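Here's the structure we're looking at; comments come further down.
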Amino acid sequence: MVDFKSTLNLPDTPFPMRGDLAKRELGWVRDWQQRGVYKRLRSIARGRPRFVLHDGPPYANGDIHIGHAVNKILKDVIVKSRTLSGFDAPYVPGWDCHGMPIEVQIEKKHGKHLSAEETQRLCRAYAAEQIERQKVDFRRLGVMGDWDNPYLTMAYRNEADEIRALGTLLGKGYVYRGLKPVNWCFDCGSALAEAEVEYEDRKDLAIDVGFPFADRDRIAKAFGLPKLPDKPGFAVIWTTTPWTLPANQALNAHPEFTYHLVDTERGLLILAADLQQSCLARYKLSGTTLAGCTGSALEGIAFCHPFYDRLSPVYLGDYVTLDTGTGIVHSAPAYGVEDFESCRRYGMKDEQILTPVQGDGRFVKSLPLFGGAMIWDANLEIVAEIERRGALFDKAPYVHSYMHCWRHKTPVILRATVQWFAGMDATPGYRGVKPAETLRATALRGIDATRFFPAWGQARLHGMIASRPDWTLSRQRQWGVPMPFFIHKETGELHPDTLELLEAVAKRVEEGGIEAWQRLDARELLGDDAQRYDKIKDTLDVWFDSGSTHFTVLRGSHRGETAFPADLYLEGSDQHRGWFHSSLLVSCMMNGVPPYKALLTHGFVIDMEGRKMSKSRGTGMSPQEINGTLGAEILRLWVASTDYSSELNLSKEILKRVVESYRRIRNTLRFLLANTSDFDHARHAVPLAEMIEIDRYALALTARLQQELEADYERYQFHLVVQKLQTFCSEDLGAFYLDILKDRLYTCRADSHARRSAQTALYHVTHSLVRLLAPILSFTAEELWAVFTGGGDDSVFFHTWHALPALEEPEQLMARWSRLRALRAPARKRIEDLRAEGRVGSSLQAEVDFHLDGADYDLLASLGDDLRFVMLTSAARVHRTTEERVDVAPSELIKCERCWHYREDVGADAARPGLCGRCVANLYGEGEARRHA
RNA sequence: UGCAGGGUGGAGCAGCCCGGCAGCUCGUCAGGCUGAUAACCUGAAGGUCGCGGGUUCGAACCCCGCCCCUGCGUCCA
């Protein structure tokens, strides 16, 4: 038997079947870096319309985790797909460098008693180190960007511009200074942002405390009694924070609730009517109701403080509820927002508010009875004191969820301090300048003008902005951008030249970083005035750092290569409260508009049980680990194939699935390469009009795919991209077109029209696919590009979507072949029956007879003898009949040793034994002609 | 407790806006090919579309209620 294998055009390519990704990706990362691909891409894209995705800066502490990877990969897919769409899409990555977590790290390493300047120096070095580590991991993911020139919030220029931004806000009249209860952490010694607070269960002591009657006549009058019985009396309150009692300055009652005056063994009690029973039960007292009145009747009546010699008047408040307690609430304006606001409403001034708790959690020394005590320790002493004075009615442990510092995990309190604020509704103004509308109104209008992916983000951000309180801009930390103000020692007023002084400081910071402010002697700027002014030590909230990058980066350090406003900000959904929020507020104050045209959010990574990924539970999967085993490409494909708008599920099992689907795509690509390796488009391409019909159909399918994927990319629907790519590779190519094509590619003459037509189609399919894949499977696409285009200094990213040849009537072609495929299916199934009976193996062993009528008959008949190639059978006949059916039978003819078809003319040429007629023609004659398949 | 999102064969997702046989890929099982071969092709099994009502000739899809999951926020003075 002659070996005809060598007479076939079998696939051939150096593109390996196995990606060996974990190892070989490193080579591409290095290659991109060495060749300066990003930089060259910028010059290639220069002049195109710009698309700016502004990177939200990750915090420069710790190695990247899976969430970072998801975020950066999504950004990368967008930047690359926009580039391929013909945009100039720069990507300037950034890092958030200041703030407490880093300061805490330094404290841990070096202790607490460093000078501010030394702390800053160490923090700066630490952050720089963290950034380099993260940068390596980000690059390893295949993320392309300006890694040699990222933005850092700690860059001197950035720090200086941030001070300038502060100056702008002040000058426009948004900033004010005032006393206000803010979340306060004793361990931080600082106010916390809303985002820095989390809730955890905590056990406290809940106590019921009586405030003795002070004005018996007014109480009697309120209850409509001529005179009170001659017994002691109390208004009873319930609290879980005994330590706030030394700062008590009022009692709150609801204006519409009914309160009873109850006669008990321990005297007269005032309680909310609805809570009377439960309270008395708790106090183990029995009582009779003497009279009742509404809360509003109690307004202004003063009661004695339980252990200090002063009075607390009743103020009315709608926020008083009947869920727990007594219906009367004790009010310590320095330690509760509602308390603060109600006391303010009743005319209390800042300086009247009692603030006995210091920043370290201890009572001031001068506080009678409890001076110097830590508030948590003082709780017990306070309860004991109340008990001693006979004012304690009940005490019981109480578990409730309570605010904790996200860093220290220790309880946080509300504490009135002097802070700087950006007013949401109040427009404090600055030297006569006032914004035309409130910040809240500007921001809400900005949200309405922003596009959201997914759309529901809009309602969410809107809701947050609508209800948020004023922004506390100041912090009492070291590692942060200073609020370089000078305050008059007596009046507390800002220096009249503050705007100029800020600019002067900014200039110095630009030269020497925030350390320059630390070093600055006030006399250098103020001269003799210096002794009358305090140099403020506050720093800016770190959210202000990242919230002002649209100014410090887009209009500052990277203004030439980016633009304002950005086309897109993209972050995890938690950033509605974080970066989206702070950026919106800063930009609305500075520019009156948001810094972005659109916002995209993604969910968090969770495991199979629907739990959030966490290292402590051992379910966490690190990107470093995945990169090192499966490859970053698998991580990228997983991210892209997941609907990121809700949670992203990840597990070993899921990654295994992703690896499988990667293999499928990779092998399809390999087949395409292997069958075009001897094809030179310039010399061999068949003109569109002369191409074989099924090849033109393949082009039509590809054109439709490309059109759909371009749209999916545009709408950031990457999971649809992956799904369609997959289906295309499996269904349209693998199971249909390529399967049919093998015969023609392998058996026709290498340079025949029939084969070159197929290769022309494959050439275009490959060009289209490799680019459509590139944003997601960047490593694979680049690898393929090098093989396909013959190496050189090119990159797939230097190109745009492939321009496919324009078919004249693609719809007609699609309709015709869709029907053909539908008619093919039952025949394939009948062949499978034969196979199950053991009567055929390969489908080429079968012959098929279609019995059809009408359009279907015409359709199949129109293919002539080429129908058998579409059917993958040795013969396919069509018969006109009204009784439609498909017959399949094993061939009784002889198998051609070369093409494996079972044909009558095998051996007809005595000189060529074992060969069928067309193989003889292909090998020694003119070659066969194909028109349809 | 408020806001938002989700719940479709073992896994990942379509379908829902605009009601009309529940679909794709992967996996599983069975078979084939041995000229894409650690690949490829064919077929099959597998789903009460979270639950309960309603509207409708007809509901995964529209309406109401509930349950569960996730994120964000908030609260117990």
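Protein chains get the first letters and strands the later ones, always in sequence-line order, with residue 1 at the start of each. Computed from a predicted structure; not experimentally measured.
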Exercise for review: Please lay out, stage by stage, how R657(A) and E660(A) fare under the test salt bridge (charged side-chain N to carboxylate O under 4.0 Å, His left out).
Suggested key: CA-CA 5 Å; R657(A) 293 292 112 78; E660(A) 295 298 331; over 6 Å; no
Identify all pairs in which a protein N or O lies below 3.5 Å from an N or O of nucleotides 20-23 of chain B, and state each distance.
none

Practice item. Provide the distance between the two C1' atoms, one in rG47(B) and one in rC33(B), to the nearest whole Å. Key: 32 Å
Review point. rG35(B) base stacked by W900(A)? Criteria: ring centres under 5.5 Å, plane angle under 30°.
Key: yes
Check your understanding: From rC13(B), rC24(B), rA77(B), pick the nucleotide closest to the side chain of N649(A)?
Key -> rC13(B)
**Study point:** Partners meeting side chain to side chain contact (heavy atoms under 4.5 Å, CB included) with A674(A) (sequence neighbours left out)
**Key:** P11(A), T13(A)
Exercise for review: Kindly check if the number of other-residue, nucleotide or ligand heavy atoms within 6.0 Å of CZ (R202(A)) is above 12?
Suggested key: yes
Exercise for review: Could you give the distance separating rG27(B) and rG12(B) at their P atoms, to the nearest angstrom?
Suggested key: 15 Å
Review point. rA14(B) phosphate, OP1 or OP2: any side-chain N/O from H719(A) under 4.0 angstrom?
Key: yes
Check your understanding: Considering only heavy atoms, which members of residues 633-644 of chain A lie under 4.0 Å from some atom of RNA chain B?
Key -> S641(A), T642(A), D643(A)
**Study point:** Contacts of type side chain to side chain contact (heavy atoms under 4.5 Å, CB included), residue P454(A), not counting sequence neighbours
**Key:** W456(A), T601(A), S645(A)
Check your understanding: Nearest of rG27(B), rC13(B), rC76(B) to any side-chain atom of T240(A)?
Key -> rC76(B)
Point to revise | Phosphate OP1/OP2 of rA77(B) contacted by Y398(A) side-chain N/O (<4.0 Å) | key: no
Check your understanding: Side-chain donor-acceptor pair under 3.5 Å between N71(A) and E571(A), yes or no?
Key -> yes
Practice item. Under 4.0 Å between any heavy atoms, over every strand shown, what does S661(A) touch: base, sugar-phosphate, or nothing? Just pick one. Key: nothing
Review point. What is the distance, rounded to the nearest whole Å, between atom CE of M464(A) and atom C1' of rA4(B)?
Key: 9 Å
**Study point:** Interatomic distance at C1', rG31(B) relative to rA45(B), whole Å
**Key:** 14 Å
Exercise for review: Write down the distance between CD1 (I465(A)) and P (rC72(B)), rounded to a whole number of angstrom.
Suggested key: 17 Å
**Study point:** Cation-pi, F679(A) ring and R755(A) (6.0 angstrom, 45 degrees)
**Key:** no
Practice item. Considering only NZ, NE, NH1 and NH2 on the basic side and carboxylate oxygens on the acidic side, decide whether R868(A) and D743(A) come within less than 4.0 Å. Key: no
Review point. Contact class for H576(A) vs. all strands (heavy atom < 4.0 Å): base, sugar-phosphate, or nothing?
Key: nothing
Study note, to complete from the structure: Protein-proximity profile, nucleotides 39-47 of chain B, B/S/- by nucleotide at the 4.0 Å heavy-atom cutoff, equals SSSBSS---
Point to revise | Separation of rG27(B) P from Y662(A) OH (nearest whole Å) | key: 16 Å
Review point. What pairs with W900(A) under ring pair (Phe, Tyr, Trp, His ring centres under 6.0 Å), at least two apart in sequence or on another chain?
Key: none
Revision key, fill the gap. Testing rG10(B), rU25(B), rC13(B) for proximity to the side chain of R657(A), the answer is rG10(B)
Practice item. Describe the nucleic acid contact of R898(A) in one word from base, sugar-phosphate, nothing, applying a heavy-atom distance below 4.0 Å. Key: base
Point to revise | Check: R835(A) and S843(A) side chains under 4.5 Å, non-hydrogen atoms | key: yes
Study note, to complete from the structure: Whole-Å distance, R577(A) CZ to rU74(B) P, equals 5 Å
**Study point:** P spacing across the pair rG15(B) / rC40(B), given as an integer number of angstrom
**Key:** 28 Å
Revision key, fill the gap. RNA chain B in dot-bracket form (Watson-Crick or G-U pairs under 3.5 Å, [ ] crossing, | inter-strand) is ((((((((.[[[[.)....(..]]]].(((((.......))))).....[[[[[..)....]]]]])))))))....
Exercise for review: Provide, to the nearest angstrom, the distance between the CE atom belonging to M403(A) and the P atom belonging to rU74(B).
Suggested key: 10 Å
Point to revise | Value in whole Å for how far the C1' atom of rG2(B) lies from CZ of R460(A) | key: 13 Å
Check your understanding: Does N252(A) have a side-chain nitrogen or oxygen under 4.0 Å from the phosphate oxygens OP1 or OP2 of rA77(B)?
Key -> no
Check your understanding: What residues, two or more places apart in sequence or in another chain, satisfy ring pair (Phe, Tyr, Trp, His ring centres under 6.0 Å) together with F728(A)?
Key -> none
Study note, to complete from the structure: Which of V658(A), L777(A), V639(A) passes side chain to side chain contact (heavy atoms under 4.5 Å, CB included) with I634(A)? Answer is V658(A)
Dump every N/O contact between nucleotides 5-9 of chain B and the protein below 3.5 Å, one line per pair.
none

**Study point:** Between rC64(B) and rU55(B) - C1' atom distance, rounded Å
**Key:** 11 Å
Point to revise | Inter-nucleotide C1' distance (rA4(B), rU74(B)), Å rounded | key: 14 Å
Check your understanding: Between Q717(A) and A836(A), which has a closest nucleotide on RNA chain B that is more 5'?
Key -> Q717(A)
Practice item. Could you tell me whether R821(A) sits above the aromatic face of F736(A), with NZ or CZ closer than 6.0 angstrom to the six-membered ring centre and within 45 degrees of the axis? Key: yes
Check your understanding: Say you pick atom C1' in rC21(B) and the same atom in rC68(B); how far apart are they, in whole Å?
Key -> 31 Å
Point to revise | Distance, P atom - from rG7(B) to rC13(B), rounded to whole angstrom | key: 10 Å
Exercise for review: Please work out which of the three classes, parallel, tilted or perpendicular, describes the rings of F718(A) and Y713(A), given edges at 30° and 60°.
Suggested key: tilted
**Study point:** Spacing of H901(A) atom NE2 relative to rC33(B) atom C1', expressed in whole Å
**Key:** 14 Å
**Study point:** No-hydrogen, no-angle side-chain donor-acceptor test under 3.5 Å, D678(A) and Q759(A)
**Key:** yes
Study note, to complete from the structure: On a heavy-atom basis, the closest approach of Y644(A) and L74(A) is CD2-CD2, 3.8 Å
Practice item. Starting from the 5' end of RNA chain B, give me the residue, D574(A) or L8(A), whose nearest nucleotide shows up first. Key: L8(A)
Exercise for review: Whole angstrom is fine here: how far is it from CD in E660(A) over to C1' in rU25(B)?
Suggested key: 12 Å
Exercise for review: Please step through salt bridge (charged side-chain N to carboxylate O under 4.0 Å, His left out) for the pair K742(A) and D739(A), ending with a clear verdict.
Suggested key: CA-CA 6 Å; K742(A) 285 177 200 166; D739(A) 208 20; 3.3 Å; yes
Review point. Base, sugar-phosphate alone, or nothing: which one does E338(A) contact when heavy atoms must sit under 4.0 Å apart?
Key: nothing
Review point. Taking only residues two or more places apart in sequence, or in another chain, which ones meet Q723(A) in a side chain to side chain contact (heavy atoms under 4.5 Å, CB included)?
Key: none
Check your understanding: Where the side chain of W238(A) is defined as all heavy atoms beyond and including C-beta, which of rG71(B), rU25(B), rC76(B) is the nearest nucleotide?
Key -> rC76(B)
Check your understanding: Looking at residues at least two apart in the chain, or sitting in another chain, which of them share a side chain to side chain contact (heavy atoms under 4.5 Å, CB included) with T241(A)?
Key -> T239(A), W243(A), T244(A)
Point to revise | Partners passing ring pair (Phe, Tyr, Trp, His ring centres under 6.0 Å) against Y402(A) (at least two apart in sequence or in another chain) | key: H400(A)
